[in-house]
Amino acid sequence: MTGRHFQLVKRAWLAALTACVLPGCASLRARSWNPPQVVRPVAACKLLDDAGGASVAEGWYCEAVRLDAAGSASAVDAYLQCAVAAWPAVEALASELDAVQPAVGSPALGSGRDSREWKLYHSAVVGLITSAQKCGRWSPRGGLTAMGPRGLAPLETAYHGFLWAPTEFGALNVVGEYAAPQPERTYRRDGVGVPLVVVRSDVGPQRPFVQPDRRFAATALVRPVWTATGGSARLEFYNPLCESQVRTAAGVAPLAGDMTAPIVYAGVNLPQAWLEPFLRPAGGGVDDRLYMLEPYQPGKIPVVFIHGLLSDPLTWADMLNELQVRPQLTSRYQFWAFRYDTGEPFLTSAAALRRQLAELRMYYDPCGGDRAASNMVLVGHSMGGLVANLQVTYSGAALWNSTSRIPLEMVRTDAATRAALGAAFFFEPNADVSRVIYIGTPHLGSAWARRVVGSVGSALVETAPAVAERHDQLVRDNPDDFSDELTRRFPTSIDLLEPSSPLLNAAAKLPYRPGVALHTVVGEGRYTVGSGPSDGVVPVNSARLAGSSSEKFVESSHSSLPRNEQVIVEVLRILAEHARVVDAGAAETVFCK
């Protein structure tokens, strides 16, 4: 068997073994993402017709489709003219609808949306956006260019409700029909405009800790604009999470929006996103990343989601889908996520998160005056809960003493290795974290780590060469000075989930920072031989935590906990409680000038 074939077999075996018991299993299921439906042009039409605006729109649409098929950039201008010509009819239809629509859901538009004018308008906006990108008429810096009296010129563009700068609007993906196992619920709204998934460009403002290709929801519409010098058109983008209506000359109309689409779009290529960081961790936490889902918002409390073993941040798809559509929460909270290589020891990932939380706070709030940022909430699933736990506890010398027989300063190694060991084993709790929610966290380990599935999974993890070399040096130059757990080999994440692990047991006994509120969600309904009641992976007695402010038992498999409806409701309850507590102790927020 060749090396390549061995790698393929290894990955297939690991995926098959873990599909039913570990968090990454949901990402193996199929997803689909399809373009939106548009109307077909009539069989025969004229560019202009005396019958009125609707026929003019029909003519422009017919021409636009013809030019588009021929690969002509002039299709952009024809689609724009069609949308402008159809706007009055769309506006008239929209004015007949109920002006007050709910922020989420799928309100009915009645027969209006079935009219030819309505379909022509929306098809034209779809064509405008897709053809503009295809023909190079759209860019983050220049916006959309259209043909005017003096040649090509930027189209007037307006942005409503976004934290993103106009130059951060990169690729515009028109939303059509899609299907995915996560999120289970879809939040979309019918109305005027075309829902989009926007991919953030890298030509906008420098925003540390924001993903360069972050995806976010938008709704696009085109309307005519009349000025003293004549008529023109304006392209408008709305944030559907903030805006649910659009004002027209005929009154207020519902604004279309699809708030779930960006989450589904981001998960299209998910299978590779969680497996590789487990099989081949970069080592030393170099690839671990804390990032914000939106630009930093002073005055809003950060909630940091930390995924579990064999998973990635999209394990929180359902929860984020529910949180983001609730204005009472989004007005108080900003959501962050921590992605880490799950094959490496959780001590390494915890050190990376500790460092990056401090760096983010120093960059965006150097004076430390943002009181909301000092009341952070961590939400950890599975092994992510262990990473969170090491943000709110005092290490003392307990972790080090569980692995070494000599003090750190006596270890024979280079300065860089000593510093890395110090960061992982010695730390103070983060004073900015005031609440932690543990979901299916194996505080006392999991029996799966010692069984075949755990042993095979651990054996398949490839230690990074630099990490393996550093480990060999420590063991070679410090004989008999480290525990068997560390001497045997560089431990993987699964090794440290073994219930008998000295390091895991030492971590479970670390004292908490006073004032930190702890909450536990415990999965049950399964039975694990030798461990008793469990969620199929983590025993109930391992997921429970003495001193918790609340404890919620949920009948669920381990992998389903983050998307379980009862768990989501519990997190919503805890966040509402946290906001009340923060408000009760509110003080003036002071920022640097």
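As the structure is a prediction and not an experimental result, all values here were calculated from the model. Computed from heavy atoms alone, side chains included, the values below leave out hydrogens, waters and symmetry copies.
You'll find the side chain of Ser349 stays beyond 4.5 Å of the side chain of Asp341, heavy atoms only. Looking at heavy atoms from C-beta onward, Val222 lies in side-chain contact with Tyr121 at the 4.5 angstrom threshold. Residues Pro205 and Thr167 have side chains in contact (heavy-atom distance under 4.5 Å, counting atoms from C-beta outward). In this structure, Val582 and Arg435 have side chains that are not in contact, with every pair of non-hydrogen atoms separated by 4.5 Å or more. Within the 4.5 Å cutoff, no side-chain heavy atoms of Gln566 are placed close to those of Val521. Residues Leu314 and Gln182 are not in side-chain contact: their nearest non-hydrogen atoms beyond the backbone lie 4.5 Å or more apart. The closest side-chain heavy-atom distance from Glu344 to Asp288 is below 4.5 Å. Residues Ile301 and Leu575 are not in side-chain contact: their nearest non-hydrogen atoms beyond the backbone lie 4.5 Å or more apart.
Ring geometry, Phe169 versus Phe216: the interplanar angle exceeds 60°, so the pair is classed perpendicular (tilted spans 30 to 60°). Classification of the Tyr296-Tyr364 ring pair by plane angle, with boundaries at 30° and 60°, yields parallel. Ring geometry for Phe237 against Tyr159 counts as parallel: the plane angle stays under 30°, on a 0 to 90° scale with 60° as the upper cut.
Few gaps surround CD on Gln328; more than 12 heavy atoms of other groups in view lie less than 6.0 Å from it. Glu359 CD: more than 12 foreign heavy atoms inside a 6.0 Å radius.
Within the structure, side-chain hydrogen bond (donor to acceptor under 3.5 Å, both in side chains) contacts touching residues 78-89 (residues at least two apart or in different chains) are Asp68-Tyr79, Trp87-Glu91. Sorted by first and then second residue, the salt bridge (charged side-chain N to carboxylate O under 4.0 Å, His left out) pairs with a member in residues 167-177 read Glu168-Arg200, Glu168-Arg207; sequence neighbours excluded.
Shortest non-hydrogen contact noted between Pro562 and Ile568 is O-CG1, 4.0 Å. Residues Thr248 and Arg223 come closest through the heavy atom pair CA-NH1, 4.0 Å. Taking each heavy atom of Ala352 and Phe338 in turn, the nearest pair found is CB-CZ, 4.3 Å. The two residues Val198 and Gly170 come nearest to each other via the heavy atoms CG1-N, 3.9 Å. Pairing each heavy atom of Thr330 with each of Leu323, the nearest pair is CG2-O, 3.6 Å. His558 and His381 make their closest contact through O-NE2, 3.1 Å (heavy atoms, listed as atom of the first residue, atom of the second, distance).
Distance alone, capped at 3.5 Å, places no donor-acceptor pair between the Gln297 side chain and the Gln334 backbone. With hydrogens and angles ignored, the 3.5 Å screen pairs a side-chain donor or acceptor of Arg137 with a backbone N or O of Thr145. One N or O on the side chain of Arg339 and one on the backbone of Asp287 form a donor-acceptor pair closer than 3.5 Å. Proximity of a side-chain donor or acceptor of Asp370 to a complementary backbone N or O of Asp365 within less than 3.5 Å is not detected. Of the possible donor and acceptor atoms, one in the side chain of Gln356 sits under 3.5 Å from a partner among the backbone N and O of Leu290. Side-chain atoms of Thr219 never come within 3.5 Å of backbone atoms of Pro240 as a donor-acceptor pair (strictly under, hydrogens ignored). The closest donor-acceptor contact from the side chain of His307 to the backbone of Tyr340 lies under 3.5 Å. Looking only at distances, a side-chain donor or acceptor of Arg189 sits under 3.5 Å from a matching main-chain atom of Leu255.
To the nearest 0.5 Å, atoms CD (Gln211) and CG (Leu293) are separated by 7.5 Å. For the atom pair Ile439 CD1 and Leu561 CG, the distance stands at 7.5 Å (nearest 0.5 Å). Rounding to the nearest 0.5 Å gives a distance of 10.0 Å between OG1 of Thr315 and CG of Leu320. Atom CG of Leu241 sits about 7.0 Å away from atom CD of Glu294, to the nearest 0.5 Å. Separating the CG atom in Leu196 from the OH atom in Tyr265 is a distance of 11.5 Å, to the nearest 0.5 Å. Note that the CD atom of Glu184 and the OG1 atom of Thr260 stand 12.0 Å from one another [nearest 0.5 Å].
Residues meeting the side-chain hydrogen bond (donor to acceptor under 3.5 Å, both in side chains) test with Asp258, sequence neighbours left out: Tyr178, Arg188. Under the salt bridge (charged side-chain N to carboxylate O under 4.0 Å, His left out) criterion, Arg66 pairs with Glu63, not counting sequence neighbours. Shown here are the side-chain hydrogen bond (donor to acceptor under 3.5 Å, both in side chains) partners of Asn375, two or more places apart in sequence or in another chain: there are none. For the salt bridge (charged side-chain N to carboxylate O under 4.0 Å, His left out) test, no residue two or more places apart in sequence or in another chain qualifies with Asp202. Every residue two or more places apart in sequence or in another chain that forms a side-chain contact (heavy atoms from CB on, under 4.5 Å) with Ser560 is listed here: Ser556, Ser557, Arg563. Scanning for side-chain hydrogen bond (donor to acceptor under 3.5 Å, both in side chains) contacts around Asn239 gives an empty result, with sequence neighbours left out. Evaluation of the salt bridge (charged side-chain N to carboxylate O under 4.0 Å, His left out) rule for Glu322 yields Arg185, Arg326 as partners, not counting sequence neighbours. In terms of the side-chain hydrogen bond (donor to acceptor under 3.5 Å, both in side chains) criterion, Trp164 has no residue partners (sequence neighbours excluded). When the ring-ring contact (aromatic ring centres under 6.0 Å, His included) test is applied to Phe209, no partner is found at least two apart in sequence or on another chain.
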### Task
Would you check, one step at a time, whether the test side chain to side chain contact (heavy atoms under 4.5 Å, CB included) holds for Met376 with Leu357?
CA-CA 10 Å; Met376 190 180 306; Leu357 283 172; 3.8 Å; yes
### Task
Could you give me the CA-CA distance, side-chain angles and deciding distance for Leu128 and Leu144, then say whether side chain to side chain contact (heavy atoms under 4.5 Å, CB included) is met?
CA-CA 9 Å; Leu128 172 69; Leu144 192 148; 4.0 Å; yes
### Message
Please determine whether side chain to side chain contact (heavy atoms under 4.5 Å, CB included) holds for the pair Met319 and Val303, giving the CA-CA distance in whole Å, both sets of side-chain angles, and the decisive distance to 0.1 Å.
### Response
CA-CA 12 Å; Met319 189 165 301; Val303 181; over 6 Å; no
### Query
How far apart are the C-alpha atoms of Tyr333 and His578, what are their side-chain angles, what is the distance that settles it, and do they pass the side chain to side chain contact (heavy atoms under 4.5 Å, CB included) test?
CA-CA 10 Å; Tyr333 290 100; His578 185 65; 3.4 Å; yes
Please set out all donor-acceptor pairs under 3.5 angstrom arising from side-chain atoms of residues 148-156, sequence neighbours excluded.
unit_1: Glu156; atom_1: OE2; unit_2: Arg234; atom_2: NH1; d: 3.4

